[in-house]
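Worksheet: the structure to be examined is printed underneath.
The chains referred to below are lettered A, B, ... by the order of the sequence lines, with proteins before strands, and numbering in each begins at 1. Quick caveat, the model's predicted, so the values are computed rather than measured. Hydrogens, waters and symmetry mates are skipped; everything else that's a heavy atom, side chains included, is used.
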Protein chains: 2
Amino acid sequence: MAQVPDLRIKKQPTQGRAKATVEALLDSAAQLLASEGYAAVSTNRVAERAGVSIGSLYEYFPNKQALIAEALARALREVVGETTAGLREALALPDQPRAGIDHWMRAMVAAMEKRDALLRAALREVPFLWQIRELRELSDMLQQVAQEGRLKSSRVVHFEDPEASTWLLMSMVWSAILQTVLYRPSHLSRERLVHTLVDMVLKLL
Amino acid sequence: MAQVPDLRIKKQPTQGRAKATVEALLDSAAQLLASEGYAAVSTNRVAERAGVSIGSLYEYFPNKQALIAEALARALREVVGETTAGLREALALPDQPRAGIDHWMRAMVAAMEKRDALLRAALREVPFLWQIRELRELSDMLQQVAQEGRLKSSRVVHFEDPEASTWLLMSMVWSAILQTVLYRPSHLSRERLVHTLVDMVLKLL
DNA sequence: AGCTAACCTGAGCAAGTGCTCGGAACTACT
DNA sequence: AGTAGTTCCGAGCACTTGCTCAGGTTAGCT
């Protein structure tokens with residue numbers, strides 16, 4: 001599976017124009033990936049589209065992978081942010097499991113839907129995806145939240161094998177959302193699926 | 001996302017040695033994809049590893065994608081075969097839902113585990129994966145089986161929104177198996193996860 | 001104004017890629 | 001043995017890729 005590339009950024013821009021250059025590069029990398037797929041992302045094209053010379057690209061990123069990794073990391077950080085915000089709001093809600101879960105699921109769906117093309121390309125085509133720290137953080141965060149939620153409600157919810165159940169439950173929910181957002185058949189509305197998903201989660205608890 | 005490549009095979013081999021050539025090409029394509037990833041699969045390398053000249057490769061496959069698609073299709077056909085066999089056996093079992101579901105899940109897990117490296121690479125890296133007919137057939141088959149199963153037991157099982165529920169259920173089961181086989185954390189044994197998965201499916205019905 | 005560090009440029013290199021094509025070798029059939 | 005079709009060969013073409021480097025431009029300071 002090829003050796004691990006260096007995904008770290010090379011140099012932090014300090015001046016304002018340099019920051020703009022880096023932003024432009026990350027933007028066009030994300031756009032290109034989302035609209036034309038991984039194979040279409042070449043460093044030359046990214047630089048050209050960003051209105052920046054290819055030399056400048058390599059001033060800040062050690063290689064192509066680091067550029068794409070950073071562009072994806074940025075999007076993932078936003079998804080994590082919006083998802084945790086949704087969770088906080090859900091926890092602040094009056095104590096009805098249904099309303100809370102519903103609110104949280106919808107926050108996740110909305111966060112991913114905003115970036116669906118980019119995420120689709122990333123999940124299907126980016127070979128070094130799982131080396132991106134932010135992605136592991138996202139799934140770790142979900143697992144952690146789930147395990148905490150289980151501990152809190154350990155008197156209400158009972159699993160035969162709590163650890164395995166929680167892991168599996170979260171994996172299923174996560175991928176159900178991926179399916180719903182990215183690969184949903186056209187005759188099933190998003191609304192129906194989210195509603196049903198909430199039902200199922202409640203059934204499993 | 002680039003335009004659709006022609007994935008059909010170019011010419012069917014008729015003589016025995018030609019069949020052996022095609023087999024060798026498909027084998028080494030699959031091996032290379034499984035062990036080193038999509039980026040490492042170049043037509044020259046595949047031919048070399050197969051002990052065949054590059055010209056021969058293009059005698060049978062119109063382009064690189066068609067070669068890889070056929071190698072994957074072959075593996076998927078095997079998975080479909082073993083999965084449906086497992087389902088038939090499960091249906092022949094004495095009428096206990098738990099035993100049947102358990103048997104079927106195990107058949108799917110086993111079929112995929114046999115080819116885990118190849119499937120992992122395919123799912124993570126092959127850009128035109130969803131244009132491969134055999135993959136759509138696999139997911140269609142699962143959905144169909146699930147819908148049929150629901151109709152058969154419509155007096156026992158009741159869903160508020162049957163169609164959406166079944167779709168989501170099957171998606172969740174499928175991806176739970178993918179997770180279990182391909183991305184399982186080391187501290188959770190496969191056995192625990194399969195057992196738990198069967199529990200959850202029963203809960204949802 | 002002068003100077004240093006930060007920033008940008010783009011022609012072009014080395015290393016690949018997918019694929020072609022003219023011809024040689026083999027097989028099957030008369 | 002003759003021959004038509006099938007199969008195989010591999011040098012090499014046309015092209016793309018990631019990336020370098022020598023030199024120019026701009027910003028921020030004293």
Side-chain angles (χ1 to χ4, degrees), chain A residues 2-29 32-33 36-71 125-128, chain B residues 2-29 32-33 36-71 125-128:
Chain A
Q3 55 281 11
V4 192
D6 187 2
L7 299 184
R8 288 166 308 179
I9 201 164
K10 199 167 167 183
K11 188 173 77 177
Q12 286 294 341
T14 59
Q15 295 179 10
R17 65 178 171 151
K19 276 180 194 152
T21 301
V22 170
E23 280 305 297
L25 286 168
L26 291 174
D27 280 347
S28 48
L32 223 42
L33 183 54
E36 299 190 46
Y38 184 68
V41 183
S42 83
T43 49
N44 286 301
R45 282 192 74 191
V46 170
E48 188 188 22
R49 177 185 271 240
V52 155
S53 141
I54 179 67
S56 299
L57 192 160
Y58 284 96
E59 197 77 23
Y60 299 103
F61 300 97
N63 51 50
K64 181 187 170 182
Q65 287 93 326
L67 167 68
I68 298 182
E70 184 57 35
E125 301 184 30
V126 174
F128 52 90
Chain B
Q3 55 279 14
V4 192
D6 187 1
L7 297 186
R8 289 166 309 177
I9 202 164
K10 199 168 169 183
K11 188 173 76 177
Q12 285 294 340
T14 60
Q15 296 180 10
R17 63 177 174 148
K19 275 178 194 152
T21 301
V22 170
E23 280 306 297
L25 286 169
L26 291 175
D27 280 347
S28 49
L32 223 42
L33 183 54
E36 300 190 44
Y38 184 70
V41 183
S42 85
T43 50
N44 286 303
R45 283 191 74 191
V46 170
E48 188 187 20
R49 177 185 271 239
V52 156
S53 138
I54 180 68
S56 300
L57 191 160
Y58 283 96
E59 199 75 22
Y60 299 102
F61 301 96
N63 51 50
K64 179 186 170 182
Q65 287 91 328
L67 167 67
I68 297 182
E70 184 56 35
E125 302 183 30
V126 174
F128 53 89

### Query
Could you state the CG-P distance from A/Leu32 to D/dG18, rounded to the nearest angstrom?
11 Å

### Query
Between A/Lys64 and A/Val41, is there a donor-acceptor pair closer than 3.5 Å when you use the side chain of the first and the backbone of the second?
yes

### Message
Over all strands shown, is A/Lys11 touching base, sugar-phosphate only, or nothing at heavy-atom distances under 4.0 angstrom?
### Response
sugar-phosphate

### Message
So A/Asn63, base contact, sugar-phosphate only, or nothing? Heavy-atom distance under 4.0 Å.
### Response
sugar-phosphate

### Summary
A/Gln12 atom CD is separated from C/dA6 atom C1', nearest whole Å, by 14 Å

#### Entry: A/Gln15 CD - C/dA6 C1' separation (whole Å)
5 Å

### Residue A/Val52, side-chain atoms from C-beta onward, closest of D/dC19, C/dG18, C/dT9
C/dT9

### Task
Return the value, rounded to whole Å, for the distance between atom CZ of B/Phe61 and atom C1' of D/dC8.
15 Å

### Message
Regarding A/Ser56, tell me which of base, sugar-phosphate or nothing describes its non-hydrogen contacts under 4.0 Å with the strands shown.
### Response
base

## Note on the structure
note: A/Leu67, atom CG; D/dC19, atom C1'; distance rounded to Å ~ 13 Å

## Note on the structure
When every non-hydrogen atom of A/Ala40 is compared with those of A/Arg45, the smallest separation belongs to O-NH1, 3.3 Å

### Task
Tell me what A/Val46 touches on the nucleic acid: a base, only sugar-phosphate, or nothing, going by heavy atoms under 4.0 Å.
nothing

### Task
Mind checking B/Glu59 for me? I need base, sugar-phosphate or nothing, with any heavy atom below 4.0 Å counting as a touch.
base

### Task
Determine whether A/Ile9 and A/Leu67 make a side-chain contact, defined as any pair of heavy atoms from C-beta on separated by less than 4.5 Å.
no

### Task
Determine the contact category for B/Val41: base if any of its heavy atoms lies under 4.0 Å from a base atom, sugar-phosphate if only primed atoms, P, OP1 or OP2 are that close, otherwise nothing.
sugar-phosphate

### Side-chain N or O of A/Tyr58 closer than 4.0 Å to phosphate OP1/OP2 of D/dT20
no

### Nearest non-hydrogen partners of B/Ser56 and B/Thr21, listed with the distance
CB-CG2, 4.5 Å

### Task
Under 4.0 Å between any heavy atoms, over every strand shown, what does B/Tyr60 touch: base, sugar-phosphate, or nothing? Just pick one.
sugar-phosphate

### Query
Think A/Ser53 has a side-chain N or O under 4.0 angstrom from the OP1 or OP2 of C/dA11?
no

### Message
Just the rounded figure in Å: distance from P of C/dC8 to CG of A/Leu25.
### Response
9 Å

### Query
Can you tell me how far C1' of C/dG18 sits from CG of B/Asp6, to the nearest Å?
15 Å

### Task
Could you tell me whether the phosphate oxygens of D/dG18, OP1 or OP2, come under 4.0 Å of any side-chain nitrogen or oxygen in A/Thr43?
yes

### Query
So, is A/Thr21 close to the C/dC7 phosphate, meaning a side-chain N or O under 4.0 Å from OP1 or OP2?
no

### Query
In a check of side chain to side chain contact (heavy atoms under 4.5 Å, CB included) between B/Phe61 and each of B/Asp6, B/Val46, B/Leu25, which one passes?
B/Leu25

### Task
For A/Glu48 and D/dT17, give me the distance from atom CD to atom P, rounded to whole Å.
11 Å

### Message
Of the options C/dC19, D/dC19, C/dC7, whose atoms approach the side-chain atoms of A/Lys64 most closely?
### Response
D/dC19

### Message
Any side-chain to backbone donor/acceptor pair from A/Lys10 onto A/Tyr58? Under 3.5 Å, distance only.
### Response
yes

